[in-house]
Participant: 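Structure in structure tokens, see below.
The figures that follow rest on heavy atoms only: side chains count, while hydrogens, waters and symmetry mates do not. Keep in mind it's a predicted model, so treat the numbers as computed, not measured.
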Amino acid sequence: MVSDGSMCRQSDSRGTLIDAAWAELCELARREVASTGAGTEGHQASSLLDEAMVQLLRQHGEIRNLSQLRGLTTLFLRRIIADRRRRARLH
């Protein structure tokens with residue numbers, strides 16, 4: 001979804017940064033899933049990362065550097081995991 005640049009057309013610089021860091025972002029998602037125990041709930045790092053990237057690109061204008069991209073990605077991954085857990089408890 002994002003790795004092919006389809007969600008990144010509105011800003012080439014964001015897309016270029018994400019594409020350049022995609023492997024690192026995948027590893028970040030895998031580590032986040034492992035550290036939160038989300039893998040035991042059926043969350044897959046790839047689907048969480050795709051969702052995080054869609055939300056990030058919708059909500060943030062300029063991403064200046066890799067450190068900011070890492071931080072925002074981690075923030076969105078944690079929010080998504082927490083939201084999914086909250087919804088699961090309600091059902």
Side-chain angles (χ1 to χ4, degrees):
M1 180 184 311
V2 177
S3 60
D4 69 0
S6 61
M7 295 298 298
C8 301
R9 290 196 179 106
Q10 59 185 268
S11 173
D12 288 340
S13 62
R14 286 189 302 185
T16 301
L17 182 59
I18 290 169
D19 285 344
W22 189 251
E24 183 178 347
L25 296 176
C26 290
E27 179 59 28
L28 181 66
R30 282 190 288 276
R31 286 194 313 255
E32 192 63 33
V33 167
S35 72
T36 61
T40 61
E41 299 166 4
H43 300 308
Q44 294 184 346
S46 59
S47 67
L48 289 171
L49 182 57
D50 281 344
E51 188 174 343
M53 289 296 101
V54 168
Q55 289 184 22
L56 186 148
L57 292 171
R58 283 184 185 151
Q59 295 180 23
H60 284 275
E62 185 178 356
I63 300 172
R64 295 185 179 118
N65 56 48
L66 186 55
S67 294
Q68 183 185 20
L69 177 60
R70 284 187 202 113
L72 289 170
T73 302
T74 300
L75 176 70
F76 278 98
L77 289 168
R78 290 180 182 171
R79 284 182 185 171
I80 292 166
I81 291 169
D83 286 346
R84 288 184 180 183
R85 285 181 171 164
R86 200 173 305 118
R87 281 189 300 239
R89 281 194 304 265
L90 293 175
H91 292 104

Participant: Can you see which heavy atom on Leu17 is nearest to which on Ile63, and at what distance?
Facilitator: CD2-CG2, 3.7 Å
Participant: Looking only at heavy atoms, which two atoms of Ala21 and Leu66 are closest? And how far apart?
Facilitator: CB-CD1, 3.4 Å
Participant: Run Arg85 and Thr36 through side chain to side chain contact (heavy atoms under 4.5 Å, CB included) and show every step you take.
Facilitator: CA-CA 11 Å; Arg85 285 181 171 164; Thr36 61; 4.1 Å; yes
Participant: First locate atom CG of Leu72, then atom CE of Met53, and finally report the distance between them rounded to the nearest 0.5 Å.
Facilitator: 8.5 Å
Participant: One pair to check against side chain to side chain contact (heavy atoms under 4.5 Å, CB included): Glu32 and Phe76. What are the steps and the verdict?
Facilitator: CA-CA 11 Å; Glu32 192 63 33; Phe76 278 98; over 6 Å; no
Participant: Show the numbers, then the answer: is there a side chain to side chain contact (heavy atoms under 4.5 Å, CB included) between Arg84 and Ile81?
Facilitator: CA-CA 5 Å; Arg84 288 184 180 183; Ile81 291 169; 5.9 Å; no
Participant: Report the distance from atom CD1 of Ile18 to atom CG of Leu49, rounding to the nearest 0.5 Å.
Facilitator: 9.0 Å
Participant: Between atom OG1 of Thr73 and atom CG of Leu28, what is the distance when rounded to the nearest 0.5 Å?
Facilitator: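 Answer rounded to 0.5 Å: 6.5 Å.
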Participant: Once rounded to the nearest 0.5 Å, what's the spacing between atom CG of Asp50 and atom CD of Gln55?
Facilitator: 11.5 Å
Participant: List the atom of Leu77, the atom of Ala52, and the distance in Å for their closest heavy-atom pair.
Facilitator: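 Nearest heavy atoms, Leu77 then Ala52: CD2-CB, 4.0 Å.
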Participant: Side chain to side chain contact (heavy atoms under 4.5 Å, CB included) for Arg70 and Glu24? Distances and angles first, verdict last.
Facilitator: CA-CA 9 Å; Arg70 284 187 202 113; Glu24 183 178 347; 2.4 Å; yes
Participant: Consider only side-chain heavy atoms of I, L, V, M, F, W and Y, link residues closer than 4.5 Å, and tell whether Leu69 and Leu75 are in one cluster.
Facilitator: no
